[in-house]
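A short worksheet on the structure shown next.
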Amino acid sequence: MATVGSHGRVHYDLPIPSVRIRSNPKNASFGSLKPWLISHHSKFGNFYSELRLQRKIPSPESMSTLGVLSSNQSTMDFSMSGDLIKDHVDSGFPEDALKVFVKMLECGFPLDEFRFFPVLIKAFGVISDVEKVREIHVHLVKLGVLDDIYVANSLLGVYWKCGEARDAIQLFWKMPKKDSVSWNTMISGFCRSGDYMGSLRMFSQMIREHGVLPNRVACLSALSSCSALKSLLHGKEIHAFVLKSGLDLDDDFLISGLADMYMKCRDVKNAGYIFEGILDKEAVRENAVIWNVMILGYVSNGYFSQAVELFVEMLESGILPESSTMVAVLVLCSGLLDLAVGKQIHGFAISHGLDKDVRVETALIDMYFKCGYAKAGLDIFKTSLNRNIVMWGAAISNCAQSGLPSEALDLFHNYRMKNGFADSLIVLAALRACSSLTLKSKGLEIHGLVVKSGFGSDVFIGGALVDMYAKCRDIESAEKVFYRLLDRDLITWNALISGYAQNGCPDEALKAIHDMQSERITPNSVTSACVLSVCAHLSAMTLCKEVHGYLLRRGFGSNDLISNSLIATYAKCGDINSSRTIFRKMPEKNEVSWNSVFLGLGMHGHADEVFVLFEEMEESGMKPDHATFTALLSACSHAGRLEEGFKYFRSMVECYKLEPQLEPYTCMVDLLGRAGQLKQAYDMILAMPCAPDDRIWGSLLAACKSHGDRRLAEVVADHILELDPTNIGYRILLSNLYEDYGKWEEVNRVRTEIKDMGLKKSPGCSWIEVDNDIHTFVAGDRSHHHTVDIYDALERLTLQIRKAGYVPQSPLVTVGPSDVLHKDLTSTKTNSLLFLATARDKDQAASAKIMT
DNA sequence: GTAGGGTTAG
C-alpha cells in the first residue's frame with residue numbers, strides 16, 4: 001500500500017511475496033530476495049520519486065488508473081503486469097518497470113515464472129547503475145535463475161551497457177551454456193567499448209574453438225570492428241564468409257555494413273562493387289542508408305565528384321534524403337569550399353524539414369565557416385535550440401581558424417560558464433586562439449585547465465601549448481612543455497622549431513631539427529619552411545641552397561609554402577634574382593607569394609619594380625591584404641619614396657577599406673622621418689588609432705638623430721623609455737645623439753642611468769658566410785686574418801656611399817635595413833667580401849655598428 | 001520471455 005510521506009515522497013509498505021520457482025525447485029525460496037527488497041525498497045522509493053519529479057515520469061498513482069495496479073485489487077492479471085514491465089522498459093521508463101515489479105511483489109504474486117526477468121534486468125542496464133546490477137546478479141545466483149540462458153544473456157548485455165567489461169567477461173566464461181546470442185553480445189560488447197581487436201578475437205574464437213557459425217548479427221558487429229581498425233584484411237575475410245555461408249545477400253544491413261567497411265578501409269573500388277550489386281534490387285536500393293554510406297564514403301576518401309554524382313542520382317531515383325544524407329553532402333561542400341552549393345543544400349534541408357537536426361546544424365555551421373561565410377555559421381549557432389558539446393566545438397574551433405580568435409575565446413568563456421567541462425577539442429581551439437592573439441595570460445589559464453582535465457598527454461594539446469608559448473615569445477616555457485611531453489610527433493617538433501626560428505634562436509632551431517631526425521622523424525614542408533626562415537635570419541646562403549636542393553629532390557618544388565619561404569629567404573640572403581625567379585615560376589601565386597616578393601624587392605631597393613608588380617597583382621584579381629600594404633610601404637620606406645607611400649596608404653584605407661594597424665604606420669613614420677618631416681611623423685604617431693610600440697618610437701628616434709632634432713628626440717626618448725625602461729639600445733642611441741651635440745653632461749647622465757640600472761650591452765655582432773665558413777665580427781674586432789683588407793673595403797664603401805649622395809654620420813657604418821649599403825656591397829667587386837650582416841636582435845639593430 | 005545490427009556533425 002502506497003502512502004505519501006511528509007516530504008511528498010512515496011513510501012511503501014513492505015511486501016510479503018509468496019514465490020515459487022518453477023524451474024529450479026531446489027532454490028525455491030524467495031526468502032533471499034526479501035532482505036534485499038527490505039533494504040532497497042525505501043531507497044528505490046526515494047530514488048524513483050526523485051527521478052519522477054525531475055523527469056515528470058508517470059507516478060504509480062497514475063499507473064493505477066490503468067486498472068493494472070490498483071492497490072486494493074487483491075488479484076491482478078499476472079501476464080498484464082509482465083507486459084507493463086516490458087512496456088515501461090521499451091518506452092524508456094525503466095524506473096517504472098522496477099516499480100511495477102516491486103508492486104507485484106507487494107501484491108503477493110507467485111513468481112513461478114521468470115518470463116519478465118530479462119526485461120527487468122534490462123531496466124537496470126538502462127539506468128546504468130552498476131552497483132544495483134551487481135546486487136541483482138547476486139540474487140539471480142541465489143534464486144538459481146542464472147542457469148536460464150535468457151536471464152544470463154540479459155545480464156551479460158547489461159554489464160556491457162554499463163561499461164563493465166570485466167564483469168561481462170567473467171560472467172561469460174562462467175556461463176555453463178553459451179548460445180549465439182551470448183557470443184554476439186560479447187563481440188558487439190568489445191566493439192562498443194572500443195576494444196576492436198578483442199571483438200575480432202571473440203569472433204574467431206567462437207568459430208574455431210567453439211564451432212559456432214556466425215550469423216548476420218555477428219558479422220555486422222565484426223564488420224564494425226574491422227571498419228574501426230581500418231583492417232581491410234579482416235574485413236575481406238568476413239565478406240568472404242558472408243558469401244560462402246549463404247547469408248542473405250539482399251540483407252540491406254549486411255550490404256551497408258560491407259560498403260561502410262570498404263569505405264572506412266579506403267577501398268573505394270570494392271565499396272563501389274558492393275553498391276553496384278544492389279542497383280537492380282529494388283528493395284535494397286530504396287533504402288537511403290546505403291546511399292548515405294556511399295556518399296559519405298566518397299567524401300571522406302576525397303572522391304568529391306563521385307559523391308556529387310551519387311547524390312544527384314539518389315535524388316533522381318526518388319529516394320528521400322535523410323539527415324545523414326544532408327550531413328554527408330554538407331561535409332562535401334566544406335571539402336569543395338563551394339558556398340553556392342552549400343547554400344542550396346541548406347535550402348533543401350529547410351524545405352525537407354531536416355535543418356533542425358543537431359548534426360545537420362553542426363555540419364551547416366562547419367560548411368559556412370569553411371566556405372568563408374563565418375557570419376552565417378555563427379547565426380546558425382546562435383539561433384540553434386539544441387547546442388551540444390560538438391556544436392560548441394564546431395563554433396569555437398572554426399572561429400579560432402577563421403581569423404576570429406577573440407570570438408573563439410568569448411564563446412569558450414560562455415561555454416565554460418554554462419557547462420564547466422570542456423573536451424580536448426574545445427581546449428585545443430581556445431589555445432590556438434590564444435596563440436593568434438599572443439595572449440599569454442589567457443594561455444596560462446588554459447594550460448592550468450589542461451593539467452586539471454588530464455589533457456596533458458594529448459599530442460595535439462601539447463603541440464598547441466608549445467606553439468602558444470612560442471608565439472607569446474616565451475620560448476623557455478615552450479621548451480619546458482615540449483620536453484615534458486611523453487609523445488612527440490612531427491607537429492610538436494615543428495611547433496618547437498618554428499618557435500626557435502621566430503624567437504631569434506637559429507642555433508637552437510637547427511639543433512632541434514637534428515634531434516628530431518635522430519628520433520627518426522622525417523621533416524616535412526613546414527619543418528623546411530622553418531629551416532629556411534632560420535637561413536634568412538642567419539643570412540646563411542649556403543644552407544639555404546642546400547635546403548633548396550634537398551626540397552627539390554624530395555619533390556617539394558611546387559609546394560606553395562616552400563616557394564613562398566624560398567622567395568623570402570633568397571631575398572634576405574641577398575640573392576634577389578633567385579627570389580624573383582622562384583616567384584615568376586610559381587604556377588599559382590597566393591597572397592603570401594606576392595607579399596613576399598614585394599618585401600624582398602623592397603628590401604633590395606627595387607621600389608619601381610614593386611609598383612609595377614602591384615598593378616599586376618591587382619589585375620590578376622588577387623586582393624591585397626594588410627601584409628601587402630605593409631610590404632608596399634616598406635618598399636617605399638627603403639627607397640625613400642614618400643609620395644608613393646602616401647598614395648598606397650590612402651588607397652589602403654579608401655579603396656580596400658583596410659584599417660591600417662601598427663606596421664603600416666611604422667613604415668609611414670619611417671618614411672616621413674627619413675624625409676626629415678619629423679613633426680608630421682610625430683603627429684601621425686599621436687593620431688593613429690592603435691597604441692604605439694617601442695619600435696615605431698625607435699624609428700622616429702633614429703630619424704631625430706640623423707636629422708639632428710635633439711628636442712624632439714628627448715620627447716620621443718621619454719615615450720620609449722616609458723614603454724620599455726630596460727631597453728639599452730635606445731638609451732645608447734640617445735647617448736650617441738647627445739654626443740653628436742657635445743652635450744657631455746647629458747651623455748654622462750644617460751650612461752650613469754644605464755650603469756645604475758645594471759643594464760649591460762651585449763656587443764654588436766656581425767657575421768658573413770664565405771665559402772661555407774662563417775666569419776664573425778664584434779665591435780672593434782681586429783682579430784680576423786684579413787683585417788687590413790676588410791678595413792680597406794670599408795673605407796672604399798664609405799667613399800662610395802658619400803659619392804651616391806648619402807652622408808654617413810660618422811666613420812661608422814650602422815647595420816640596419818639600409819638597402820643603399822646593401823646594393824653597393826653586392827655590386828662592389830670585392831669578391832671575398834659579401835657583406836650581408838644581420839643584427840641578432842632589435843637592441844643590436846638600434847645600435848650595432850660594424851667594426852669601430 | 002533473452003541478445004545482437006547499418007550511415008551522420010566539431
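Predicted, not measured: the structure shown is a model, and the values here were computed from it. Throughout, a chain's letter reflects where its sequence line sits, starting with A, and its residues are numbered from 1.
Within the 4.0 Å cut-off from OP1 or OP2 of B:dT8, at least one side-chain nitrogen or oxygen of A:Lys264 is found. The side chain of A:Arg216 places no N or O atom within less than 4.0 Å of a non-bridging phosphate oxygen (OP1 or OP2) of B:dG6. Between B:dT7 and A:Thr325, no contact under 4.0 Å exists linking OP1 or OP2 to a side-chain N or O.
Residue-level contact check: A:Val358 touches the bases, meaning some heavy atom is under 4.0 Å from a base atom. Counting non-hydrogen atoms under 4.0 angstrom, A:Arg387 reaches nothing in the nucleic acid. Within 4.0 Å (heavy atoms only), A:Asn153 reaches at least one base atom of the nucleic acid. No contact: A:Asn398 has no heavy atom under 4.0 Å from any strand.
Side-chain atoms of A:Ser324 come within donor-acceptor range of the base of B:dT7, with a qualifying N/O pair under 3.5 Å. For A:Asp357 against B:dA9, a side-chain-to-base donor-acceptor contact under 3.5 Å is absent.
Considering only side-chain atoms of A:Tyr150, the nucleotide from B:dG1, B:dG6, B:dT8 that sits closest is B:dG1. Distance from the side chain of A:Val217 is smallest for B:dG4 among the nucleotides B:dG4, B:dG10, B:dG6. In the set B:dG4, B:dT8, B:dG6, the nucleotide with an atom closest to the side chain of A:Ser256 is B:dG6. Here the side chain of A:Ser224 is nearest to one of B:dT8, B:dG1, B:dG6, namely B:dG6. Candidate nucleotides B:dG5, B:dG1, B:dG10 were compared by shortest atom distance to the side chain of A:Leu220, and B:dG5 ranks first. Counting only heavy atoms from C-beta on, A:Lys370 has its side chain closest to B:dG10 among B:dG10, B:dT2, B:dA9.
Residues from residues 400-434 of chain A with heavy atoms under 4.0 angstrom of DNA chain B, sorted by number: A:Asp423, A:Leu425, A:Ile426. Only A:Lys161, listed by number, bring a heavy atom of residues 155-163 of chain A to less than 4.0 angstrom from any atom of DNA chain B. Within residues 272-300 of chain A, the residues having any heavy atom under 4.0 Å from DNA chain B are, by residue number, A:Asn287, A:Val289, A:Asn292, A:Val293, A:Leu296.
One atom, CG of A:Asp250, and another, P of B:dG5, lie 22 Å apart when rounded to the nearest Å. Taking atom CG of A:Leu213 as the reference point, atom C1' of B:dG4 lies 17 Å away to the nearest angstrom. We find that CG of A:Leu146 is positioned 17 Å from P of B:dT2, with the value rounded to whole Å. Atom-to-atom, CD1 of A:Ile121 to P of B:dG1 comes out at 16 Å; the value is rounded to the nearest Å. Taking atom CG of residue A:Leu364 and atom C1' of nucleotide B:dG10, one finds them 13 Å apart after rounding to whole Å. Here the P atom of nucleotide B:dT8 and the CG atom of A:Leu332 are 15 Å apart, to the nearest Å. If you take CE of A:Met175 and P of B:dA3, they are 13 Å apart, rounded to a whole angstrom. Whole-Å rounding puts the A:Asn215 CG to B:dA3 P distance at 15 Å.
In this structure, the side chains of A:Tyr298 and A:Glu309 stay at 4.5 Å or more apart for every pair of heavy atoms. A heavy-atom distance below 4.5 Å is not found between the side chains of A:Phe460 and A:Ser424.
Among residues at least two apart or in separate chains, there is no salt bridge (Lys or Arg N to Asp or Glu O under 4.0 Å) pair with a member in residues 345-362 of chain A.
Among residues two or more places apart in sequence or in another chain, the salt bridge (Lys or Arg N to Asp or Glu O under 4.0 Å) test is passed with A:Asp379 by A:Lys375. Residues that satisfy the side chain to side chain contact (heavy atoms under 4.5 Å, CB included) test with A:Lys343, not counting sequence neighbours, are A:Leu339, A:Tyr368, A:Tyr373. Listed by chain and number, the residues in a side chain to side chain contact (heavy atoms under 4.5 Å, CB included) with A:Lys269 are A:Asp267, A:Tyr273 (sequence neighbours excluded). Residues satisfying the salt bridge (Lys or Arg N to Asp or Glu O under 4.0 Å) test with A:Arg285, not counting sequence neighbours, are none. Under the rule for a side chain to side chain contact (heavy atoms under 4.5 Å, CB included), the partners of A:Val158 that lie at least two apart in sequence or sit in another chain are A:Ile121, A:Val133, A:Cys162.
Between atom CG of residue A:Leu233 and atom CD1 of residue A:Ile238 there is a gap of 10.5 Å, rounded to the nearest 0.5 Å.
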Identify every side-chain donor-acceptor pair in residues 390-403 of chain A under 3.5 Å, counting partners at least two apart or on other chains, and give the distances.
from: A:Ser397; atom 1: OG; to: A:Gly393; atom 2: O; distance (Å): 2.6
from: A:Asn398; atom 1: ND2; to: A:Asp366; atom 2: OD1; distance (Å): 2.8
from: A:Asn398; atom 1: ND2; to: A:Ala394; atom 2: O; distance (Å): 2.9
from: A:Ser402; atom 1: OG; to: A:Asn398; atom 2: O; distance (Å): 2.5

Report, one line per pair, each donor and acceptor closer than 3.5 Å where one atom sits in a side chain of residues 246-255 of chain A; sequence neighbours left out.
from: A:Asp248; atom 1: OD1; to: A:Asp250; atom 2: N; distance (Å): 2.9
from: A:Asp250; atom 1: OD1; to: A:Lys281; atom 2: NZ; distance (Å): 3.0
from: A:Asp251; atom 1: OD1; to: A:Arg216; atom 2: NH2; distance (Å): 3.3
from: A:Asp251; atom 1: OD1; to: A:Phe253; atom 2: N; distance (Å): 2.9
from: A:Asp251; atom 1: OD1; to: A:Leu254; atom 2: N; distance (Å): 3.2
from: A:Asp251; atom 1: OD2; to: A:Arg216; atom 2: NE; distance (Å): 2.4
from: A:Asp251; atom 1: OD2; to: A:Arg216; atom 2: NH2; distance (Å): 3.0
from: A:Asp252; atom 1: OD2; to: A:Asn287; atom 2: ND2; distance (Å): 2.9

Between side-chain atoms of residues 201-209 of chain A and protein atoms elsewhere (two or more places apart, or another chain), which donor-acceptor pairs fall under 3.5 Å?
from: A:Gln205; atom 1: NE2; to: A:Glu209; atom 2: OE1; distance (Å): 3.3

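The aromatic ring centroids of A:Phe311 and A:Trp291 lie 6.0 Å or more from each other.
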